[in-house]
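One structure is given below, encoded as structure tokens.
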Amino acid sequence: MTQTSEARETYDVHAVQEKWLPVWDELAPFRSGDPDDPRPPMYVLDMFPYPSGDLHMGHAEAYALGDVVARYWIQRGYNVMHPIGWDSFGLPAENAAIKRGVDPRAWTYDNIRIQRESMRRYACSFDWDRVLHTSDPEYYRWNQWLFLRFFEKGLAYRKPSLVNWCPKDQTVLANEQVVGGLCERCDTPVTKKKLTQWYFGITGYADRLLEDMAALRGSWPEKVLTMQRNWIGRSTGADVEFAIEGRGEPVTVYTTRPDTLHGATFFVVAADSDLAAELAMGSPAEGEFTQYVGKVRAESEIERLSTDREKTGIFLHRYAVNPVNGERLPIWAADYVLADYGHGAIMAVPAHDQRDLDFARAFDLPVRVVVDTGDEDPASSGIATSGEGRLVNSGPLDGLDKAAAIARITDLLVEGRNGRAAVNYRLRDWLISRQRYWGTPIPIVHCPTCGEVPVPEDQLPVELPPSEGLDMQPKGTSPLGGANEWVSVDCPRCGGPATRDTDTMDTFVDSSWYFLRFTAPHRNDVPFDPDEVARWLPVAQYVGGVTHAILHLLYARFFTKVLYDLGMVAFTEPFTRLLNQGMVGMNGSSMSKSRGNLVRLSDELDAHGVDAVRLTMVFAGPPEDDIDWADVSAHGSARFLARAWRLSGDVQSAPGVDASAGDEGLRRQTHRAVDEATRALESFRFNVAVARVMELVNVTRKAVDSGCGAADPAVREAVEAVAVMLSLFAPFTAEEMWARLGHQPTVARTGWPVVDPALLVEESVTCVVQVAGKLRDRIDVPPDVSDETLRELALASRSVQRALEGRGVRTVVVRAPRLVNVVPA
RNA sequence: GCCCCGAUAGGCCAACUGGCAGAGCCGAUGGUCUCAAACACCAUUCAGUGUGGGUUCGAAUCCCACUCGGGGCACCA
């Protein structure tokens, strides 16, 4: 191999970075707000960050991937809106305030400044004209405004309930923020507490959240859809009313197995429910019951969740009456029945429900089989049977199968007016109150005479009082309660003395509609501009971590449907396509916020340069896979980029030279590389697209050194294609190459290379000839060879004849022009 | 316990609707350069696709069972 450049130039990545940043600042190639822009609009959105310190490896991966998508569609001629903002309310700011005595506001905005500058240096293709921060009063006023719309529709309401409580953060948590019984933020075991809190009525949207997922199939990861489906947890069954001896009102229970109604042998109410307390009152077991409830309340979620714990409960000395046969069922209070699911009470059918059977065996209660499944009697086996079978011991249901029995009993219950078909959801209403400072104040005034009074719109935003002088220490009530002057207000309705609600909203409220605000972040008269929303939304491509598969994405979908019902948007799903990127780890351990950063992004950027880090993130594998930084090589990426850059200095033809006169072999390789890279990009196989560019660099290097030579116009065509394609992954290198090729900045807006289909057609293809599925010969044929000709060519092959060993030919499978399979007799 | 997803070279990963298992990167080995090393460059290397069946002319790809790994839900009646 000839050595073309003796004194090899070296590629100074850091100098190149410093060179182009100010140029891009000046050109602002990613502005999307020109109303006369003729390009078709497209909305590409990265999940916005929380401003906790500087960017880390996870951000670097996410924004590298989001940038590939945004920059690709820009090259394809779209006016891409790719905005960024900060999800800047939340606990860490407050914790920093407590720990270091700094103002949460100052801490937050300092971090935003740092992250913003890091994003600039990382060459993120954001439209910097559209920045928003959810902690700005101009933003959170619209949280409050939307809250009031929800309140008017009855979708925001207050109720007393047992709520998840984090003893460390001293605040309530939504169901979604309790992970495996631990606080999502601080991993403290969560307990229950009875509090009156604000909720959003998401359960009323459960069916729509479920059904509308059909439209997302194929464009959202199946995994995310499955997780949402599980979370919503729809089940169908029946409500059945049981009379209670000595009580006027019957009690309704929900069951998914109404067919087993005749198998009920006892009745259980949730120990921590109001109903249990009422039934226990005056009973001989009252004292025992009170003690039991105390114990249950004190238990942490983690204890409750343990599956192999023993069943506990108290017999209340009361009886329920089975509506189908008049049997008296003893009523027990137990903690295995949940107060906030269904009606907080169940009919227990131990023969066909494992939990009921475990309880029956613990307390020696009868077991009656009503579905003959052919399995061993649960009373002796200890295993409840839930399979198919014929109904027995069930009066009018005897002989029916499960489905028929469910239909029949449901009809009978309706006739007897003591039951009906029913649907239940695992999903609970969304608890949005937080007893913290750094969030959106809930715009409600509590008046002793008028009750809950909304703050009038012209008084929005209800701004947070200064943090100075407020006690931020977690103490179970909001720090805002200490801001006496702020709390005391005149009731907007009657003018009398009243107090503000001192809780703040869950920060997931902020992120449930921010994607709408990006269309016009500076409008202060509306939350978002309907015309702009119509122009840009729904988001064509959303990019973010799978950690938000349930929480954020479910809430945002819910908000969108509510806004649709309010007539504010014309679509019901906010994100048309979703790409989940994986996480970045090191040597098998993850690098999450809580576990500390094993690899510092700034170190990697210093060592290898921005482009090499970005390229490594994209090239490491499919975007949704996790990356182990130990498995990939930023150094290898840097080496490749230097090789690509070197090519741009080798090109000897002039800009604008006619490529059609160039070397055809190289031209074919170039056009095929662009074609394949394009297809890979559109199906999110970014790593494959990068491989195609690497391949093109390799063949171009060979063409320069030992092929057509550096002066051939095909070399320029190839290197220009490399530069444009690299602009998605390695913007600095691409820009520098573009300049060295004699062009003006910026390569980011140059346009995607156009593939000449004529150059994709091969002159001849290698046809594989198999005998009995085994490779026996290869023959070169024209790409348009006919089946007939190919068949004859193959049969004429000496290797084929040898492989046939004189046997006859049974069939010949011909797939022109690539393959022939000769099947011997 | 239930439900998803995955398993291809020493590592990370490719392989369009079933059709030559290998595109790319890392590593390793050899060479060039060097006083030497590092860097760089050139070249070489390695699997028959987790296991067992099935469908097919033909299976990494489709089907069934299992193993291992990852994830989700889990006392939700």
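Reminder, nothing fancy here: chain letters follow the sequence lines and each chain counts from 1. In this text, all values refer to a predicted model and were calculated from it rather than measured experimentally.
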Discussion item. Mind checking if A:Arg810 touches a base, just sugar-phosphate, or nothing, with heavy atoms under 4.0 Å?
Written reply: nothing

Discussion item. Just to be sure I understand the rule, does A:Gly233 reach a base, reach only the sugar-phosphate, or reach nothing, if contact means heavy atoms closer than 4.0 Å?
Written reply: nothing

Discussion item. For a quick check of understanding: with a heavy-atom distance under 4.0 Å over all strands, which category does A:Arg229 fall into, base, sugar-phosphate or nothing?
Written reply: nothing

Worksheet item: Do A:Asn821 and B:C57 share a donor-acceptor pair, side chain to base, under 3.5 Å?
Response: yes

Discussion item. Taking the minimum atom-to-atom distance to the side chain of A:Lys702, which one of B:A43, B:C13, B:A77 wins?
Written reply: B:A43

Practice prompt. For nucleotides B:A43 and B:G24, find the distance between their P atoms and express it as a whole number of Å.
Written response: 11 Å

Worksheet item: Base, sugar-phosphate, or nothing for A:Ser633, non-hydrogen atoms under 4.0 angstrom?
Response: sugar-phosphate

Worksheet item: Which listed nucleotide (B:A14, B:C12, B:A77) is nearest to the side chain of A:Val688?
Response: B:A14

Worksheet entry | A:Asp353 side chain to A:Ala348 backbone, donor-acceptor under 3.5 Å | no

Worksheet item: Between B:C12 atom C1' and A:Asp625 atom CG, what is the distance in whole Å?
Response: 10 Å

Discussion item. Categorize A:Ser235 for me: base, sugar-phosphate, or nothing, with a 4.0 angstrom heavy-atom threshold over every strand shown.
Written reply: sugar-phosphate

Worksheet entry | Short side-chain donor-acceptor distance under 3.5 Å, A:Thr385 and A:Asp375 | no

Item to complete: Check every atom of B:A23, B:C73, B:G11 against the side chain of A:Ala691 and return the nucleotide holding the closest atom.
Response: B:A23

Discussion item. If only side-chain N and O atoms count, and only distance matters, is there a donor-acceptor pair under 3.5 Å linking A:Asn698 with A:Arg643?
Written reply: yes

Worksheet item: Do the rings of A:Phe363 and A:Phe359 sit parallel, tilted or perpendicular, given the 30° and 60° boundaries?
Response: tilted

Worksheet entry | Gap between atoms CZ and C1', on A:Phe640 and B:C25 respectively (whole Å) | 10 Å

Worksheet entry | Spacing of A:Asn230 atom CG relative to B:G1 atom P, expressed in whole Å | 18 Å

Discussion item. Is A:Thr226 close enough to B:C5 that one of its side-chain N or O atoms is under 4.0 Å from OP1 or OP2 there?
Written reply: no

Worksheet, complete the sentence: Mate of B:A7 across any strand shown (Watson-Crick or G-U wobble, both atom pairs under 3.5 Å) is B:U67

Response to the item:
The single option from A:Thr255, A:Asp259, A:Thr260 that satisfies side chain to side chain donor-acceptor pair (under 3.5 Å) with A:Arg257 is A:Asp259

Item to complete: Report the distance from atom CZ of A:Phe359 to atom C1' of B:C75, rounded to the nearest whole Å.
Response: 12 Å

Worksheet item: Between B:A40 and A:Arg639, is there an OP1 or OP2 to side-chain N/O distance shorter than 4.0 Å?
Response: yes

Worksheet item: When you check the phosphate oxygens OP1 and OP2 of B:G27, does a side-chain N or O of A:His635 lie under 4.0 Å from one of them?
Response: no

Practice prompt. Pick the P atom in B:C4 and in B:C41, then give their distance to the nearest Å.
Written response: 48 Å

Worksheet item: Are A:Lys311 and A:Tyr336 in a cation-pi setup, meaning NZ or CZ lies under 6.0 angstrom from the ring centre and within 45 degrees of the ring axis?
Response: yes

Worksheet item: Who does B:U29 pair with, Watson-Crick or G-U, both distances under 3.5 Å?
Response: B:A43

Worksheet item: Looking at B:A43, B:G11, B:G24, which one has an atom nearest to any side-chain atom of A:Asp631?
Response: B:G11

Worksheet entry | Same-atom distance (P) from B:A59 to B:G50, integer angstrom | 15 Å

Worksheet item: Roughly how far apart, to the nearest Å, are B:U67 and B:U51 at atom C1'?
Response: 7 Å

Worksheet item: What about A:Gln770, does its side chain sit under 3.5 Å from the base of B:G19 through a donor-acceptor pair?
Response: yes

Discussion item. For A:His262, is there any backbone N or O sitting under 3.5 Å from a side-chain donor or acceptor partner on A:Arg368?
Written reply: yes

Item to complete: Quote, to the nearest angstrom, the P distance that separates B:C5 from B:U49.
Response: 23 Å

Worksheet item: Checking A:Tyr292 side chain against A:Thr312 main chain: does a donor-acceptor pair fall under 3.5 Å?
Response: yes

Item to complete: Grab the CZ-P distance between A:Arg679 and B:U17 for me, whole Å please.
Response: 11 Å

Worksheet item: Pick the nucleotide of RNA chain B nearest each of A:Ala270 and A:Lys223; which residue has the one closer to the 5' end?
Response: A:Lys223

Discussion item. Nearest whole Å is fine: how far is B:G71 C1' from A:Trp231 CH2?
Written reply: 15 Å

Discussion item. Reading RNA chain B from 5' onward, which residue's closest nucleotide shows up sooner: A:Asp353 or A:Arg685?
Written reply: A:Arg685

Worksheet entry | Anti/syn call for B:G27, syn if |chi| within 90° | anti

Fill in: Proximal nucleotide (of B:C75, B:G72, B:C13) relative to the A:Tyr336 side chain
B:C75

Discussion item. Using Watson-Crick or G-U wobble geometry with both distances under 3.5 Å, which nucleotide pairs with B:U55?
Written reply: none

Worksheet item: Mind checking the P distance from B:A21 to B:U32? Whole angstroms is fine.
Response: 37 Å

Worksheet item: Under 3.5 Å, is there a donor-acceptor pair linking the side chains of A:Ser235 and A:Asn424?
Response: no

Worksheet item: How long is the line joining CG of A:Leu696 and P of B:C25, in whole Å?
Response: 13 Å

Item to complete: For B:A60 and B:A15, measure between their C1' atoms and round to the nearest Å.
Response: 9 Å

Discussion item. Under 4.0 Å, counting only non-hydrogen atoms across every strand here, what does A:Val768 touch: a base, just sugar-phosphate, or nothing?
Written reply: base

Fill in: Separation of atom CG in A:Leu551 from atom C1' in B:G72, rounded to whole Å
13 Å

Worksheet item: Within the structure, does a side-chain N or O atom of A:Asn687 lie under 4.0 Å from either OP1 or OP2 of B:A14?
Response: yes

Fill in: Closest to the A:Phe619 side chain, choosing from B:C57, B:A77, B:G24
B:G24

Discussion item. Can you tell me if A:Tyr341 touches the phosphate of B:A77, counting only side-chain N or O atoms and a distance under 4.0 Å to OP1 or OP2?
Written reply: yes

Worksheet item: How is A:Asp356 classified with respect to the nucleic acid when contacts are heavy atoms under 4.0 Å: base, sugar-phosphate, or nothing?
Response: nothing

Worksheet entry | B:C75 - base-pair partner by Watson-Crick or wobble geometry, distances under 3.5 Å | none

Worksheet entry | B:A28 to B:A74 separation - C1' atoms, rounded to the nearest Å | 47 Å

